[in-house]
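A short worksheet on the structure shown next.
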Amino acid sequence: MSKDKKATGDSLEGRDPELLRRIYEVMVLTRAVEDRMVAMYRGGDLLGSLYTGHWHEAISVGAASCLRPDDYLAPIHRDLGAHLWRGMEPWQVMASFMGKATSPTGGRDGTLHYGRLDLGIYNLPSHIPANFPVATGMAFAAKYRGEDKVCLAFCGDGSTSRADFHESLTIASVQKLPNVFVIENNQYAYSTPVRLTSHSDTFSAKAAAYGIPGVTVDGTDVLAVRDAVDEAVTRARAGDGPSIVEGVTMRMHGHAEHDPADYVVKELFEEYSKKDPVELFENVLRKAGLLDDDTARKVRDEARQSAIAARRKALADPMPEPGNIEEGVYAD
Amino acid sequence: MSKDKKATGDSLEGRDPELLRRIYEVMVLTRAVEDRMVAMYRGGDLLGSLYTGHWHEAISVGAASCLRPDDYLAPIHRDLGAHLWRGMEPWQVMASFMGKATSPTGGRDGTLHYGRLDLGIYNLPSHIPANFPVATGMAFAAKYRGEDKVCLAFCGDGSTSRADFHESLTIASVQKLPNVFVIENNQYAYSTPVRLTSHSDTFSAKAAAYGIPGVTVDGTDVLAVRDAVDEAVTRARAGDGPSIVEGVTMRMHGHAEHDPADYVVKELFEEYSKKDPVELFENVLRKAGLLDDDTARKVRDEARQSAIAARRKALADPMPEPGNIEEGVYAD
Amino acid sequence: MPTEAPPVPVLKSGPAQELSANPTYLEAVGAALDHEMERDPDVFILGEDVGQFGGAFKVTKGFLDKYGPRRVVDTPIAETGFTGLAAGASLVGLRPVVEFQFADFISCAFDPIINVLARHHWRTGDPMPVTMRAPFGGRLRAGPTHSQSVESYFAHVPGLKIVMPGTPEDAAGLLISSIRDDNPTLYLENKYLYRRLRATGPLSMEPIPLGVAKVVHEGRDVTLITYSAGVHQGVEIAQELAKEGISVEVVDVRTLVPLDVETIVNSVRKTSRAVVLHEAAKRLGYGAEIAATIQEEAFWHLDHPIVRIAAKNTPTATSPPLEDAIIPQPAEIAETLRKVARE
Amino acid sequence: MPTEAPPVPVLKSGPAQELSANPTYLEAVGAALDHEMERDPDVFILGEDVGQFGGAFKVTKGFLDKYGPRRVVDTPIAETGFTGLAAGASLVGLRPVVEFQFADFISCAFDPIINVLARHHWRTGDPMPVTMRAPFGGRLRAGPTHSQSVESYFAHVPGLKIVMPGTPEDAAGLLISSIRDDNPTLYLENKYLYRRLRATGPLSMEPIPLGVAKVVHEGRDVTLITYSAGVHQGVEIAQELAKEGISVEVVDVRTLVPLDVETIVNSVRKTSRAVVLHEAAKRLGYGAEIAATIQEEAFWHLDHPIVRIAAKNTPTATSPPLEDAIIPQPAEIAETLRKVARE
Ligand SMILES: Cc1ncc(C[n+]2csc(CCOP(=O)(O)OP(=O)(O)O)c2C)c(N)n1
Ligand SMILES: Cc1ncc(C[n+]2csc(CCOP(=O)(O)OP(=O)(O)O)c2C)c(N)n1
Ligand SMILES: [Mg+2]
Ligand SMILES: [Mg+2]
């Protein structure tokens, strides 16, 4: 699958060093929280399975970093980085995978269903990509009210074959809605390789069906993702309608942690093991003199400590009481 | 909307004159039957509304003429011509719109739902384009059995926005199924103009999303349609997978006969009133010396007489008896 | 994160449609929608052909002129997509009204209705005020995929409200309540009644609360529990049977979810006999829920098994003799009531 | 226009999966499917990850090796599309078996199931032999969109058969009948039972007819009508209650459509008391249909109102204390049976 844009990062001129460091920190935190959660899964802390976003950090954080706080976000299951960027607490995420009373849904929903509307994040059901039509609605509301907000939505390569993808893209393009649709092409949909999901040259090539811009970037290169999404966000904010950005990466774990992923072509794992997006970005920052050993160590340590503290809190948090279980089916 | 292929017909060299005349005859018959049915609608012969295919004859007949009798057909609501090509009787069509016992569904279904599997024609429900997934299944079965049959399916411009369109095209392209998908772009979906249905340059441009060939032709030029569909059929039969062919025409009547279509841009009606596909093809045949005044008159007369006779039979046919109404919900 | 909406210009003053003196069921729906759009700038309508065309049945005729394309949105044929769009818009403060061209096509939005709209509030606490309007039902010779009664597809699923008015007066008041309700609401319009049923006078634009049934005809001998087109049918038959000395109480449940069990059970306690009537197929039609509930709540008062009158367990046929044999006819309803009252 | 199929090579002989001596419910489904694919070259399986991965729950493990990618088809995530594909393939002579990864996702195929598959035979006379398999149900802490009981979404719609085995033996025999049936059949696998329930011995591959209920535990005092996971629960509780002197007859309906009303009613005529149990939400759960039918058919034999035990009218929660409060628990079932038997 060709990449329209090459990895950037040779020069960081004109970029805000604060912002770059913040992106780095959230990427590191994302990785630390997920590594911790993998251990928690293995140790039996979690209720069910665990979906992780290893090697998706550049896409989730890079894309989310293009938003204003008042923009809307409609992430999918490998986008912890986007949640953390917006202020989701790691312990809340863990609490969700544990069914704790303190999870954003109070234990009613669980696993990856922890989106918080107070952070402008839609909490999607399991059906993929149900977040896409909802994202068009959030964008529609912004346009309806004359606000210049945008809505950023993510889905996987496998999700592109569904009704929700096509009907949302159709509506968003016809209505020129301020949407940005990011496709996380991680080579597989559960066990299904991309060639059994789609016959188009790239996933961004599907943009032609909607008469909108589509671009494919190296999804392990956070600055490449950021630049492409930034352009799309700017376009959407200006009232010029939606775009597709495809980030190519690899799902380095199983579909979820129960899955050994033994169906994956070995070469892919090997190829991508050299392309850890967190490491890649760390090297870029180092080369540009924006990060030294000490700071890097500090950032990683702090992230690890956050993850440990989050686990401690989530473990200690209570399970919900069933008392009110029939309440809240309807809003009054 | 650009047309990739120009109207052909300047030279008829290398074409089978028999076949050309047969195409002409079925186009004329289609028009005659539908004209008759419009009168029947106005005269109160029919139960409900009437969907017609005026100006779609070149697409429906031209495309159907590319099939072998053992191929499969999955038409939609303006494709009377394709049905007639395969041997559907005009009186059966009328009987369907009248709820007669002699309609292909015995009056259980009605209006345009008269497809006959014994002619290899799928009888679709109202939901558009439900015939598309079914068409992939018929093509799948052919491939499964190692047969070189193809399945030709039609839908309108408006139908392309639906789940069924996208999911079928996705599956057919990935599985390289022997399908041909014809899009009848008649400028409107009910009252909705094409610009509110799709933002792509053409409808055939959507082929890029599926990595398959897509071509747009003048849908009033039966030879242009035939050539494009023929190429697609040949490709499908050879095992090279599906294609999209878009035929551009105009819906010259209302969505159905109850609809005055006063929302249509006047210029479109004017432009297309000069492009009657039946007349255009008649002129081509005359110019090529394949049709003279006498024959043309004879073909039209016979078609009119067929339509009159069909109405007479359909009118005289009995209504169904409800006796067995709960039978046949399940096959034994 | 809803924010304050900017003032929304109304392009044309006065009603979107002129009402007749005794407005039809159809006019009632349109007038109530017009009323709410005028009252609340966050209310908008979307669906296929709702704009210039005014909708397949003309409920929104004149709306485009009055409110403009921003609030009267012609969508592509994409029921999944535009229902999900409505969900998203409602989540950030708008109050979308979705029109399905025929209720039959709501099948194409089943997934978002069940999995996005119905469950969202319970999962998250966020309200999702979407009203879904759909013309349903038979007797128009429209066949198996243009005549469906769809309430059973949805009544099982927690989190939706289901509203099925049987009169123009209720059509107006219940639509207003549906739109103001903070929950996803399925509002089903009986399209056979659209132009056949008229209000007795000018319409009130007072909301009618959801979840309150109405005794529309008082009686002693047997209770007929029904909704939508069953209501006027039931009352007409009750008036006929009164002449034979059979006193039928007709209860219009008006909303299936929430269901006003109290009013139903009170009536059955009084009459000791109950018949349920609807146009949907019998198997797992809503009559099953009503019957099961009545025998749970009033078993010892019952002098007769509860009888369900419903369509046969077949699709709805096109041809008149077939359709009439499938959908309950007045004679069958009257005969059943006679039998249950007297047996 | 079905034509003769060319001979289909089986790539590997022997069973696709080795069975244990007491096969699990999961193994029973796989073995029956294997049996039918071996027997009939027109049978094939399609769905997400059914190939190399062997399906999310491993029902089709080993099938790709045995039958090849022609007959074990990994589809894109396109439930509408592949369900419609199955319909089309069945129309011209194949016998597709569709696997939905979780029953929750069948919502995405609701439209073709309702409007293409269920109605086709009645409309046209053409058979449409599609079997749809879907793992459903709760108790796995999988939350509101991975735990749904979906039978009520479909039971109202004429033209589908609905099969819900409660034992490994029935899982095998009923799947075989579903595949051989000329109608679209929804075959729902209780995923909680997959690895928890074992057959008492080797499995028979004899088809078990659809529409025949089974008295799985005889009793005198009260009839428990149930299906799927309710069956083993019901029998266990019946055995417990026997020690208290309460004699419970447990009827496993096995197929919801067609429903074996006779067996149910005969049992209730004998016991005069009926309780219906299922894991789906109560409102318009299939228990409503069963209860409404029993009181229609056996009203004068009833000594007690029919009681429905079902999940609460909420989505299914993830967190154990919440999920347990929603889905019927053994203690509640036992207590209800005691009450109904003694009152
Ligand atoms: C409608 C629907 N069908 C099936 C599933 C089950 N499922 C969950 S994730 C997944 C694979 C998704 O693949 P992709 O979109 O590529 O995302 P990835 O997991 O690779 O990030 C599947 C099949 C689902 N969630 N929703
Ligand atoms: C799923 C679905 N939604 C809505 C409709 C109602 N409907 C029938 S035909 C039609 C317009 C179709 O437009 P197009 O596909 O362009 O075909 P045309 O009628 O123009 O030939 C609509 C909206 C339908 N049949 N199915
Ligand atoms: Mg993927
Ligand atoms: Mg059109």
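Each chain gets a letter, A, B and so on, in the order the sequences are listed, and its residues count up from 1.
At a 4.5 Å heavy-atom cutoff, the contact between Asp182(D) and chain B is made by backbone and side-chain atoms alike. In this structure, chain D has no heavy atom under 4.5 Å from any part of Ile121(B). Within the 4.5 angstrom heavy-atom criterion, no atom of Leu46(D) approaches chain B. Only the side chain of Gln175(B) comes within contact range of chain D, with at least one heavy atom under 4.5 Å from a heavy atom of that chain. Proximity to chain D is limited to the backbone of Leu124(B), based on heavy atoms less than 4.5 angstrom apart. With a 4.5 angstrom heavy-atom cutoff, Arg119(D) does not touch chain B via any of its atoms. Contact of Pro112(D) with chain B is not made at all, since no heavy-atom distance falls under 4.5 Å. At a 4.5 Å heavy-atom cutoff, Asn131(B) makes no contact with chain D through either its backbone or its side chain. Residue Thr75(D): no heavy atom, backbone or side chain, is found under 4.5 Å from chain B. Using a 4.5 Å cut-off between heavy atoms, Val130(D) does not touch chain B at all. Proximity to chain B (any heavy atom under 4.5 Å) is shown, for Asn115(D), by both the backbone and the side chain.
Of all the listed residues (Ala141(B), Ala331(B), Ala135(B)), the one sharing the greatest number of non-hydrogen pairs under 4.5 Å with chain D is Ala331(B). Contact tally against chain B (heavy-atom pairs below 4.5 Å) for Pro184(D), Pro76(D), Ala118(D), Ala89(D): the top residue is Ala89(D). Ranked by heavy-atom pairs under 4.5 Å with chain D, the list Arg116(B), Glu327(B), Met138(B) is led by Met138(B). Listed options Pro104(B), Pro133(B), Ala139(B), Ala130(B) were ranked by heavy-atom pairs under 4.5 angstrom with chain D; first place goes to Pro133(B). For the set Thr124(D), Asp126(D), Thr83(D), the count of heavy-atom pairs under 4.5 angstrom toward chain B peaks at Asp126(D).
A side-chain N or O of Thr263(D) and one of Asp260(D) form a donor-acceptor pair less than 3.5 Å apart.
Ring-plane geometry between Tyr114(B) and Phe97(B) is classed as tilted, the angle between the planes lying from 30 to 60 degrees on a 0 to 90 degree scale. Taking the six-membered ring where tryptophan is involved, the planes of His255(B) and His77(B) are perpendicular, since the angle between them exceeds 60° and thus also 30°.
Residues Asp164(B) and Arg162(B) are paired through a salt bridge, judged by an N-O separation under 4.0 Å between the basic side chain and the carboxylate. A salt bridge links Arg237(B) with Asp71(B): the closest approach of a Lys/Arg side-chain nitrogen to an acidic carboxylate oxygen falls below 4.0 angstrom.
For the ring pair (Phe, Tyr, Trp, His ring centres under 6.0 Å) test with Phe110(D), the passing option among Phe154(D), Phe100(D), Phe105(D), Tyr153(D) is Phe154(D); the others fail.
A heavy-atom distance below 4.5 Å is not found between the side chains of Val93(B) and His83(B).
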Between Asp240(B) and Arg235(B), does a salt bridge (Lys or Arg N to Asp or Glu O under 4.0 Å) hold up when you go through it step by step? CA-CA 5 Å; Asp240(B) 293 331; Arg235(B) 190 183 149 82; 5.2 Å; no
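Residue-environment remark: NZ (Lys61(D)) stays at or below the threshold of 12 foreign heavy atoms within 6.0 Å.
For the pair Arg70(D) and Tyr144(B), the cation sits on the ring face: its NZ or CZ lies under 6.0 Å from the ring centre, inside 45° of the axis.
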